[in-house]
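The structure appears right after this line, and notes come after that.
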Amino acid sequence: MSDFLKTCLWICGDEKIASPLFRKAFSANKDIESAVLFCTGLGYFESYVNGMRIGDDVLVPAQTDYDYRTLRSSNPALNLKSRTKIYYLQYDVTKQIAKGDNCIGMWLGNGFYRQTEKNDSDSFSYDIPKTIVRLNIKYKDGTEDNIVSDETWFFNESPIIYNNVYYGEVFDANKTIPDWCLPKCNMETWRKAKRADTPTGTLMLQDCPTDKVQQNYLPKLIYKDYNRAVYDIGKNISGWILLGVSGVKGQEVVISFSEEIDDNKVLDYTSTTSRRTDQIQKLTYILNDEMIQYYTPKFSWASFRYIEVETRAEIFELRARFIGTNVKQQGSFFCSNKLYNDLYHMYVNSQRANLHGSVVTDTPHRDRTGLTSIGQLASEPLLLTFSSYSLVRKWIDDILDSQDLVTGYVPNSAPYMGALGGISWGGSIVILPFKYYQETGDIAILQKTYKAMQLYMDYLKTAANDEFVIDGTDNELFQGEINTPDRVELPKEFINTCMYAYLARLMVYVSEELDEDSSEYVIACKNIVKTITKKWYDPARKSFFHNVQGANAYALWVNAVPKADIKAVAKNMAEHIENTCEGHLDTGVFGTPILLDMLTKYSYARVAYNAMNKMTYPSFGYMRKMGSSTLWEKFNGKGSHNCTLFGSYITWFIRSIVGINLDYISPGYDNVNINPSLVAYFEYASGKLVTVNNELVSVSWNKQGDEIIFDIILPETSNYKFFCPKGYDVVSTKKISATNLCIIIKISDTL
């Protein structure tokens with residue numbers, strides 16, 4: 001938007017001010033036709049006109065790589081040559097602008113733009129808070145006014161005297177300026193705004209969803225003494241609180257948050273802290289002399305189930321507020337197995353809590369990082385469950401922005417907050433656009449990302465040796481599997497090389513979809529697979545790496561098993577889970593979805609079902625048994641208790657249990673394959689999703705005697721194929737309406 005750039009200045013206050021206020025008084029002396037506010041603030045902002053807050057967005061703008069920065073202590077040190085951008089927002093403020101005197105205001109917080117305190121990311125700060133604003137007023141006589149940010153604005157300190165996205169806020173109500181954004185204001189303590197350095201980020205209108213307050217909870221009081229109270233909201237959420245308090249001027253209310261609590265009702269911060277133990281999510285409110293006071297944060301959020309309030313003041317209201325990126329849940333899953341239903345809701349709770357700033361994070365407290373690995377692990381469940389198409393497009397842009405434009409390297413996070421990772425992280429520059437294309441059929445996303453995919457594949461060629469092996473043993477940029485129940489036993493080079501083969505196979509597909517030459521990737525895929533077989537296959541044992549931690553599943557996944565041995569290798573894969581692991585999973589975050597898919601594909605759905613149905617360690621059921629309402633980062637409970645890395649089983653629920661599958665020859669849902677693979681283990685199951693065209697795809701089935709009745713809803717233009725489960729015959733197919741179909745199958749008489 002050229003006018004935005006040409007007519008406005010970035011302005012700032014003093015470095016010592018944690019959360020500055022900015023104001024500009026002006027007059028509009030004609031009849032107003034319309035008024036539109038264009039604005040942004042780094043890191044976060046709220047906008048005001050004549051004392052009224054504009055909109056209901058929180059924690060905006062969406063997080064991006066805002067600006068170039070010096071990476072002083074990233075590990076390993078990197079000098080990325082990448083892209084930067086900054087989102088601005090647009091608001092219709094016609095009703096807020098009055099004929100006569102007016103005032104426009106901006107309230108800024110640090111956000112991720114000035115993040116200097118977190119122990120393991122202290123090098124990722126950019127600059128002090130700054131803002132840029134344009135108010136365009138059109139009058140009924142055809143003339144216009146533009147109120148722009150410049151050095152005629154004024155700034156002051158706000159009541160927020162401290163704010164940090166990881167540690168919380170301190171709000172001193174005694175510093176409140178009630179009239180700060182009214183036309184008439186005591187200007188004695190206000191100073192002229194300063195011209196700020198212009199960030200390198202390209203200004204773009206935010207077209208991805210904003211964060212909003214989405215739900216309120218009334219916490220239950222579970223402990224109280226003379227100055228300390230502990231509350232339980234019953235589930236793990238991400239957000240903040242609304243506090244109502246009365247007391248004496250200067251009294252403090254300290255509010256702390258945690259996911260867990262000990263037997264003495266003391267908050268346990270183990271799962272929410274970083275590598276050091278003092279990263280506690282905390283709010284402090286300092287009372288003024290008003291009789292009744294309300295407080296809610298602005299620029300920091302927590303992830304929590306339990307709330308501790310320490311004060312001698314009187315708390316007359318306390319509510320928990322769920323806050324996250326505003327994407328609606330449109331998909332669903334339900335079946336006859338209660339644990340599976342619980343696991344579905346645990347995923348939904350975790351995913352909702354891990355959406356902030358249109359970034360899909362790994363944890364909503366300790367790291368708050370958009371790991372690129374999540375691109376392959378969480379993108380399909382996200383698209384199946386939430387109205388997240390615009391969010392995923394932003395996610396793809398973030399990954400493109402993070403890529404080194406010279407080497408092709410893609411780091412472990414986007415927006416960039418750290419360097420460790422590897423091909424299972426950076427490979428999402430290929431996987432995420434592919435997944436999006438498969439779900440939507442939108443070939444434009446492949447056209448947009450193809451050159452970046454090629455650049456990343458070129459980078460991998462430089463990382464691989466002459467045998468096409470990517471050896472990450474001594475290279476922190478190439479990590480392998482993570483978060484297995486016990487120590488990781490699969491070598492990094494095996495995982496990395498399997499991922500290399502998978503990416504090459506995707507590049508063949510993408511190239512052919514775009515009518516590009518795929519020969520390079522055909523040859524690469526063939527050679528990489530040959531290496532995997534030659535280097536790691538034991539033909540005598542019919543196994544890879546003694547079959548531990550999904551090794552055989554990885555090999556089957558990338559077609560590295562000799563054709564004559566596929567059945568034997570698949571059998572070994574299943575027997576390892578049943579016998580060696582006593583029916584439990586032994587895989588990490590990358591291997592688990594692959595194992596579930598390969599067990600199902602090669603007729604061992606029973607083994608997959610039993611593993612997902614376990615309640616003892618290590619299992620997802622164990623998390624639920626221990627009282628968790630969200631997914632853990634690790635099976636043993638170490639690390640975060642609100643993490644989406646293991647949420648990939650949602651795809652297996654929808655694809656294998658319910659049976660809603662894509663026709664991969666024809667992306668999108670114009671052609672739907674209905675292929676339920678686990679009917680033997682449930683009495684009923686149902687699932688639905690909403691396509692990019694806002695059309696419903698739904699499959700529900702239930703057993704009635706020796707029959708199973710399928711109720712199917714598809715878009716009117718969709719074609720379908722029904723794959724009858726083994727042991728059944730189709731006895732009836734009836735079209736109820738243009739979008740509704742009923743299929744009845746019956747146990748085969750031949751059995």
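The model shown is predicted, which means the values in this text are computed figures rather than measured ones. Numbers here are sequence positions counted from 1.
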message = Would T449 and I429 count as a side chain to side chain contact (heavy atoms under 4.5 Å, CB included) here? Give the steps.
response = CA-CA 8 Å; T449 57; I429 201 168; over 6 Å; no
inquiry  = Walk me through whether N349 and T630 qualify under side chain to side chain donor-acceptor pair (under 3.5 Å).
reply    = CA-CA 6 Å; N349 291 340; T630 45; over 6 Å; no
ask   = Are Y537 and D565 close enough, and set up right, to give a side chain to side chain donor-acceptor pair (under 3.5 Å), and what steps lead you there?
value = CA-CA 11 Å; Y537 183 53; D565 293 346; 2.8 Å; yes
task = Verify side chain to side chain contact (heavy atoms under 4.5 Å, CB included) between Y500 and M457, making sure each step is shown before the conclusion.
result = CA-CA 9 Å; Y500 191 16; M457 296 303 289; 4.0 Å; yes
request  = Go through V510 and Q454 one step at a time and tell me if the side chain to side chain contact (heavy atoms under 4.5 Å, CB included) criterion holds.
outcome  = CA-CA 11 Å; V510 172; Q454 289 180 303; over 6 Å; no
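No close placement of the Y344 and Y340 rings is indicated, their centers lying 6.0 Å or farther apart.
Expressed to the nearest 0.5 Å, how far OG of S748 lies from CG of D729 amounts to 4.0 Å. Rounded to the nearest 0.5 angstrom, S424 OG and N412 CG are separated by 12.0 Å. Rounding to the nearest 0.5 Å places CD1 of I743 at 5.0 Å from CZ of F722. Residue R83 holds its CZ atom at 6.0 Å from CG of L400, rounded to the nearest 0.5 Å.
Of the N and O atoms on the side chains of E578 and Y604, not one donor lies less than 3.5 Å from an acceptor on the other residue. With hydrogens and angles left out, the side-chain atoms of Y502 and Q376 include no donor and acceptor closer than 3.5 Å.
Other residues, nucleotides and ligands place more than 12 heavy atoms under 6.0 Å from the NZ atom of K542.
Here T361 pairs with N354 under the side chain to side chain donor-acceptor pair (under 3.5 Å) rule; sequence neighbours left out. Taking T587 as the reference, T592 meet the side chain to side chain donor-acceptor pair (under 3.5 Å) condition, with sequence neighbours excluded. Listed by chain and residue number, N337 satisfy the side chain to side chain donor-acceptor pair (under 3.5 Å) test with N613 (two or more places apart in sequence, or in another chain).
Using a 4.0 Å cut-off between a side-chain N of Lys or Arg and a carboxylate O of Asp or Glu, K394 and D397 do not qualify as a salt bridge.
Between W701 and F710, the ring planes are tilted. Angles from 30° to 60° get that label. The aromatic rings of W557 and Y554 sit perpendicular, their planes meeting at an angle over 60°, well past the 30° parallel limit.
The backbone N or O of H641 lies less than 3.5 Å from no partner atom in the side chain of E633, so there is not a single donor-acceptor pair.
The only option from F635, W632, Y622 that meets the ring pair (Phe, Tyr, Trp, His ring centres under 6.0 Å) definition with Y617 turns out to be Y622.
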